[in-house]
Structures are given as structure tokens and as C-alpha cells.
There are 2 protein chains.
Amino acid sequence: MSALPNRDRQAERREATRREIVEAAWEIARRDGLGAVTLREVAAMIGMRSPSLYSHFESKNAIYDAMFGDAWTGYLAEATEAAKTLPDDPRAALEAIAEHFFDFSVADLARYQLMNQRSIPGFVPSEGAYAPSVETMALLHRTMRTIGITDEADIDLFLAITGGLVDCQLANDHGGDRWRRLLPRAIEMYADNVWRQS
Amino acid sequence: MSALPNRDRQAERREATRREIVEAAWEIARRDGLGAVTLREVAAMIGMRSPSLYSHFESKNAIYDAMFGDAWTGYLAEATEAAKTLPDDPRAALEAIAEHFFDFSVADLARYQLMNQRSIPGFVPSEGAYAPSVETMALLHRTMRTIGITDEADIDLFLAITGGLVDCQLANDHGGDRWRRLLPRAIEMYADNVWRQS
DNA sequence: GTCTATACTGTGATAGAC
DNA sequence: GTCTATCACAGTATAGAC
């Protein structure tokens, strides 16, 4: 359908190869940890030599960068979908948001470390890869507004509580639910505080 | 005074060299980040070649291990001291504990990453280095008991809230006080929840 | 444009001389 | 204990085959 069908096919092929590389990197990261990803193994998994990766990514960190963008884009998509079916009750809505973030985070340690911790020495996400993260924050602010929370400090506190529970869960009880069980209570506590005047 | 003065002097000298190595590693970690520590630079800082470090530490991770033990020993010492002069008021005591932990954490990012995050790929603290961390938890439990908090879930929630604030501060507003300012309110919120029946 | 072969630098780690 | 020399492996640069 395009005026330049050849270009499109090339671009598609190129994008497909980039995806292959990133998917291979995710596989290693999930299996052996984020720091265990090596260009040689990524290349071997898709039948290449490591220098060939440089035809598609300018550095190893550029691969991490694509993974970072991937992860936040995935979360943004899920959160956008979830925002459509939030409970009407403000407290139930808060809990739904927190539980969704918690379960998403805990489902993939490597992904969480890449998204929310500075786990790779020297890696700083690019502006482009950071965009879906910023967009996710914007979505959170809009959603919180519909719940009746507009004060930025209130949102900051919500983020700290939710993130703190996730961190404790992953660091001290990986695979368990010791902190997951505290989530409803934590949200109740938070809601009591935010709406303590009314 | 010893029966084997020579042995003592050797042991002292050996321990002094170990300290030199660890201090050099801390200096690099604070300046360029935890992951930027290299054996060659550590060795150069104390006038050695890198292979010589292996006479004192069996691996690079063993140096990280000593640093990990260092950091928690330092915090345990401060916390033990601080526990002696806690306010009588339970809420004020809680806030003092949380503020002390927060300020200690924020004062040194590299130290915090080593103590509380899995920032070094493949590094797992040894049992010995972990001991002061366990001891710190025991101290926290004892202190919380004097405040009137005995339920383990209550303590877990306290840890999550405090740690969450620290993480947000370091990740999103390093050097600022955006989450530090929320700490008194967060502790108030927590106390309201813990003592909501009374 | 895509991939390979080769090679350079820096890393943690080891072997053996002194 | 500390050195020199060296290793295996990492990320990466370059030149050239197709």
C-alpha cells in the first residue's frame, strides 16, 4: 500500500531484529539477573556474533535503554487499561491501583530493578525511554484527581508507601506475600490520613 | 603484654592494611559510585598493585562484603546510641527512629545501595557481614517493644513506609527534601493506624 | 545495510619469582 | 607479602565481505 514498499519491508525487518535482540536480553535477565546479560550470549541466542549487535544498537546500555522503555510502556498499557474499570469507591480504587503496581512489580524482579532501581552501574535511561515513565506519572495524577486526590504531597506519599512495600517484599521475602498482605491495610491507613478531616 | 607480641603486631598490621583497602574502596564508591570500584584503582590509592590485594581479600566481592559489614556495624552503633535517648512519647520516639534512619541513608547513596539494594550483580553478603544487620533488626524489635509495638506486621509496615520514603528521596529528588518533609506526616499516619483502637 | 573477523582496552583473577 | 607476567572474559572499534 505504501509508495515505498521496499523501505517498509526493510524497516520491518530491522525492527524485528531489534525486538529479537531485546527479547533475548530479557530472557537472560529473567533467568540469571539483569547484570548477567552479555552481548556474546545475546548474540549467540539469535545466531549472531556480538559485534553484529552494533548494527542495531550503539552500545550495551542502548539495549538496556530499549528494555527500560519496553518495561514502562508495558506498565503504562496495563495501567491505562486498568484505569478504565476502577471501582467507584475512592478507597477501593486506591487499593486497585496499588495492588496492580505491586503485582506487576513482583512478577518480574529483573524488570522491576531496571524500571525502579539503579541496578546497572553507569546506565542512565535516555529521554525517549523515559517518556512512558513520565506518561505513567501523568496518568497516575489524572487518575488520582478523579479519586479526589490533587495534592502532590498526597501522591508522593502514595508512591512511597506502595514502593516501600514492593521493595521490602522483593528484598526480604522474594516469592512470598509477607508485605503483599499488608497492602490493603496500608492503603486504608493512607486513605484515613488523606481524608482525615472529612 | 602478650605472650606473643610479634604475632600481635603482625595481626595489627594486617588488619590496618585491610582497613586501608576498604577505606580506599569507600572513597571511590562515594566519588564515582559503587560499581565504579576497580581493584587497580583501590590498589593504586594505597601504593600497591592489584594482585597484592588478594593477600588480604580473596575476591573483589570480599571487599564489598567487608564494606557491607562496615556499613551495618556503623548504623548499628549509631542506632544503639540513639536508642538510649529516645523521647518518652511513643509517637515522638517513632519519628526519631525513622528520621535517624532516613538521614543516615540519605547521607551516603553508595552506602545505602550496598546496605539495602542489590546493586552489585552477583554480590551476596556473607553470614558474618550480615550479622550486624540482623542485630540491628533485633535492636529495632526491642526498641519497638518499649514503644508498645509488638506485632511483627506493625514493624514490617514501619519498615516499608520508612524505606519507601528513602527510596523515593534518593531516586527522584537526590539532594533535596521532597520526601524528607513527608516523614513526620507519614509517621503520624502510621501511629494513627497502629493505635487506632485506643 | 548487515554481518563477520580481528583486535584493542580494561576487568577480575591466577602463577610463580623474589 | 608484594611483585611481574599472564589469563580469560568483558564491551567495543574498525575494516571489509556480501
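So that the names make sense, note that chain A is the first sequence line, chain B the second, and so on, each numbered from 1.
Sequence neighbours left out, the pairs with a member in residues 93-111 of chain B that pass salt bridge (charged side-chain N to carboxylate O under 4.0 Å, His left out) are B:Arg30-B:Asp108, B:Glu99-B:Arg180, B:Asp103-B:Arg180. Each ring pair (Phe, Tyr, Trp, His ring centres under 6.0 Å) pair with one or both residues in residues 8-52 of chain B, not counting sequence neighbours, would appear here, but there are none. Identified under the side chain to side chain donor-acceptor pair (under 3.5 Å) test for residues 127-153 of chain A, with sequence neighbours left out: none. The ring pair (Phe, Tyr, Trp, His ring centres under 6.0 Å) contacts involving residues 96-116 of chain A comprise A:Tyr75-A:His100, A:Tyr75-A:Phe101, A:Tyr75-A:Phe104, where partners must be two or more places apart or lie in separate chains. Within the structure, every pair that satisfies the salt bridge (charged side-chain N to carboxylate O under 4.0 Å, His left out) test and touches residues 37-54 of chain A, not counting sequence neighbours, is listed here: A:Arg31-A:Glu41.
As a whole-Å value, the separation of A:Arg49 CZ from D:dA15 C1' is 18 Å.
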Please write out each protein N/O paired with an N/O of nucleotides 10-12 of chain D under 3.5 Å, distance rounded to 0.1 Å.
| residue | atom | partner | partner atom | Å |
| --- | --- | --- | --- | --- |
| D:dG11 | OP1 | A:Leu39 | N | 3.4 |
| D:dG11 | OP1 | A:Lys60 | NZ | 2.8 |
| D:dG11 | OP2 | A:Leu39 | N | 3.1 |
| D:dG11 | N7 | A:Arg40 | NH1 | 2.9 |
| D:dG11 | O6 | A:Arg40 | NH2 | 3.4 |
| D:dT12 | OP2 | A:Tyr54 | OH | 2.5 |
| D:dT12 | OP2 | A:Lys60 | N | 2.8 |
| D:dT12 | O5' | A:Tyr54 | OH | 2.8 |

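Applying the side chain to side chain donor-acceptor pair (under 3.5 Å) criterion to A:Asn193, with sequence neighbours excluded, gives A:Arg196, B:Arg185. With sequence neighbours left out, A:Ser126 forms a side chain to side chain contact (heavy atoms under 4.5 Å, CB included) with A:Asp65, A:Ala129. Residues passing the side chain to side chain donor-acceptor pair (under 3.5 Å) test with B:Gln169 are B:Asp173, sequence neighbours excluded. For A:Glu188, the side chain to side chain contact (heavy atoms under 4.5 Å, CB included) partners at least two apart in sequence or on another chain are A:Arg91, A:Asp192.
Counting non-hydrogen atoms under 4.0 angstrom, B:Arg13 reaches nothing in the nucleic acid.
The residue from A:Asp70, A:Thr73, A:Leu139 that alone fulfils the side-chain contact (heavy atoms from CB on, under 4.5 Å) condition with A:Pro132 is A:Thr73.
Applying a 4.0 Å cut-off to non-hydrogen atoms, none of the residues of residues 15-32 of chain B approaches DNA chain C.
Counting 5' to 3', DNA chain C first comes under 4.0 angstrom of a heavy atom of chain B and last does so at the ends given by C:dT11 to C:dT14.
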